[in-house]
Number of protein chains: 2
Amino acid sequence: MYIQLLKHLSKDIELTPDEEQEFLSILEHHTFLKKSLLIQPGQKVTKEYYVLKGCLKAYYLDKAGQKHILQFAIEDWWISDFEAFFNAHPAQLYVECIEDSEVLSLDKSVLEDLYFRIPKFERFFRLKITKAFVALRNRILSTLQKDSKTQYLEFCEQYPNLQGRVANYHIANYLGITPESLSRIRKGLY
Amino acid sequence: MYIQLLKHLSKDIELTPDEEQEFLSILEHHTFLKKSLLIQPGQKVTKEYYVLKGCLKAYYLDKAGQKHILQFAIEDWWISDFEAFFNAHPAQLYVECIEDSEVLSLDKSVLEDLYFRIPKFERFFRLKITKAFVALRNRILSTLQKDSKTQYLEFCEQYPNLQGRVANYHIANYLGITPESLSRIRKGLY
DNA sequence: CTTAAAAATTGATGTAGATCAATTCATTGC
DNA sequence: GCAATGAATTGATCTACATCAATTTTTAAG
C-alpha cells in the first residue's frame with residue numbers, strides 16, 4: 001500500500017523495517033472529493049499531507065479577493081500551509097483538492113515526538129525543507145530574470161505531470177499572469 | 001567575543017556550556033574588505049557564513065550580464081550560496097562584501113559530523129532553513145500580489161537596518177525594479 | 001579642497017502584459 | 001443529447017514600469 005512512501009523516504013534516509021513501521025503507524029489515511037478544503041485561513045494547522053493520489057493546490061486570497069496559487073501537489077508530494085504548520089500560526093492559505101484525492105496526514109506534535117525518538121526523521125524533514133527552499137529560491141530567480149513566456153516553458157519542463165492535468169488558468173495564476181496572457185503565450189504571440 | 005552568536009543559537013536550542021564550546025571550536029574567523037568575493041560561480045561551496053560585522057550580498061549574474069540580488073546579510077545573519085552548499089553543486093551565485101566585514105565560517109562536512117554527535121544542531125539548522133523557507137514564500141506572495149511601491153515600503157519595514165545602509169540601486173535590484181523606478185517611487189510618483 | 005567616479009534623479013518615449021468585453025470551445029449534470 | 005456552466009481564446013485599449021539619455025548630487029580618493 002505505502003510502498004510509494006517508503007521509497008520516497010529511502011531517497012534521503014535509510015530505515016530499519018521497524019522504523020518504517022513506526023513511521024507508517026503515525027500516519028492517517030484520508031480521502032477527499034474535488035473542491036474539499038483541507039485547510040482554511042484562520043484555522044490551526046496541525047498536519048502536513050502526503051499525496052497518494054489526486055491533485056491539490058495551496059493558495060492565498062488577498063484583500064482584493066484575488067487568488068494566488070503558491071503550490072500544487074500531486075502524487076508523492078507534500079502539501080500544507082507550511083508557514084502555519086512550522087510556526088504554529090493560524091493558517092493564511094487555503095489547501096484545496098483540484099481532483100478527488102487520497103492523502104496521508106502527519107501530525108505536528110506526533111512528528112516532533114518522533115524526532116526525539118529517531119533523529120533520522122529530523123534529518124529527513126530537514127532535507128525536504130531544504131529542497132523546498134532551493135525550489136523557491138529558483139522560482140524567485142526566475143521571476144526576477146525571465147519573461148513570462150520563458151517562465152511558462154520552464155514550468156512545463158519542470159512539472160511535465162502538471163501541464164495538461166491542471167487547468168491553464170491555474171498555471172497562469174501560479175505564474176502570476178492572466179489567463180489571457182497565458183493563452184497568447186501558448187499561441188506563440190509575445 | 002561570540003556572545004552574539006551564542007544568543008542567536010539560544011533562540012532555538014538550549015546548549016550546555018560544553019556544547020557551546022564545541023560549536024565555537026568548529027568555526028573559523030575571517031575578515032574581508034569591501035568588494036571581496038567569498039563565493040564565485042563554479043566554485044565548490046563548502047562553507048556558510050555567519051556575519052559578525054559588515055554587510056554582504058548574494059547575487060546571480062544572468063546570461064545577459066544582469067545582476068539579481070537574492071539576499072543581503074548583516075550582523076547576525078547567515079549567508080552562502082545555499083543551493084550549492086546543500087546539494088554539493090558548483091556555485092551559481094556570487095557572495096560579495098558590500099562593506100568591510102567580519103564573518104565566521106562553518107564547514108559543511110564538519111557540520112555534518114556535528115549533526116551525528118549532537119542532533120540538537122540538526123534541529124537548529126532545520127529551524128533556520130524553515131524560517132528562510134517561510135521568508136521566501138512570503139517574498140513570492142508579495143511579488144505575485146503587490147505593486148512595486150508596496151513591496152518597497154514593506155522592504156523598508158521588514159529590514160529597517162538595511163534601508164539607509166545599502167544603496168538604493170541595490171534595493172531596487174533586490175526588488176526586481178530599476179533604480180529609476182525606485183527613485184520615482186520614493187518621490188511619491190506612481 | 002579638488003576632482004573623479006559612483007549614485008540618484010529627471011524627462012521623454014516604448015512595451016509587456018493587464019484589463020475589459022465578447023465570443024467560442026469543452027465539460028458536466030440531468 | 002441538450003442545457004448550463006466553466007475554460008479558453010480573441011480583440012481593443014490601457015498602464016505600470018522599462019529603457020534610454022542627460023543632468024545633478026553624493027561619495028571617495030589623492
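Quick note on labels: first sequence line is chain A, next is B, and so on, each numbered from 1.
Side-chain contact between A:Y59 and A:K67 is present, with at least one heavy-atom pair separated by less than 4.5 Å. Proximity of A:R186 to A:Y152: side-chain heavy atoms (C-beta onward) are separated by under 4.5 Å at one or more points. In this structure, B:C55 and B:R165 have side chains that are in contact, with non-hydrogen atoms separated by less than 4.5 Å. Residues B:L56 and B:V95 form a side-chain contact, since some pair of their non-hydrogen atoms from C-beta on lies under 4.5 Å apart.
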Please table the atom pairs, donor to acceptor, closer than 3.5 Å between any side-chain atom in residues 112-127 of chain B and protein atoms at least two apart or in another chain.
{"residue": "B:R117", "atom": "NE", "partner": "B:E22", "partner atom": "OE2", "Å": "2.9"}
{"residue": "B:R117", "atom": "NH2", "partner": "B:E22", "partner atom": "OE2", "Å": "2.4"}
{"residue": "B:K120", "atom": "NZ", "partner": "B:E14", "partner atom": "O", "Å": "2.9"}
{"residue": "B:K120", "atom": "NZ", "partner": "B:E19", "partner atom": "OE1", "Å": "2.8"}
{"residue": "B:K120", "atom": "NZ", "partner": "B:E19", "partner atom": "OE2", "Å": "3.4"}
{"residue": "B:E122", "atom": "OE1", "partner": "A:R123", "partner atom": "NH2", "Å": "3.1"}
{"residue": "B:E122", "atom": "OE2", "partner": "A:R126", "partner atom": "NE", "Å": "2.7"}
{"residue": "B:E122", "atom": "OE2", "partner": "A:R126", "partner atom": "NH2", "Å": "2.8"}
{"residue": "B:R123", "atom": "NH2", "partner": "A:E122", "partner atom": "OE1", "Å": "3.1"}
{"residue": "B:R126", "atom": "NE", "partner": "A:E122", "partner atom": "OE2", "Å": "2.7"}
{"residue": "B:R126", "atom": "NH2", "partner": "A:E122", "partner atom": "OE2", "Å": "2.8"}

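Side-chain atoms of A:D107 do not come within 3.5 Å of backbone N or O of A:K47 as any donor-acceptor pair.
Within 6.0 Å of NZ on B:K149 lie no more than 12 heavy atoms contributed by other residues, nucleotides or ligands.
Of the residues in residues 137-145 of chain B, not one comes within less than 4.0 Å of DNA chain D through any heavy atom.
B:K34 has its NZ atom 11 Å from the C1' atom of C:dA7, to the nearest Å. In this structure, CZ of B:R165 is placed 17 Å from P of C:dA7, rounded to the nearest angstrom. The separation between A:H68 atom NE2 and C:dA18 atom P is 12 Å, rounded to whole Å.
With A:H8 as reference, A:Y50 is the one residue of A:W77, A:Y50, A:F23 to meet the ring pair (Phe, Tyr, Trp, His ring centres under 6.0 Å) rule.
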How would you summarise protein contacts on nucleotides 5-20 of chain D per nucleotide, using B for base, S for sugar-phosphate only and - for none, with heavy-atom distances below 4.0 Å? --SSSBBB----BSBB

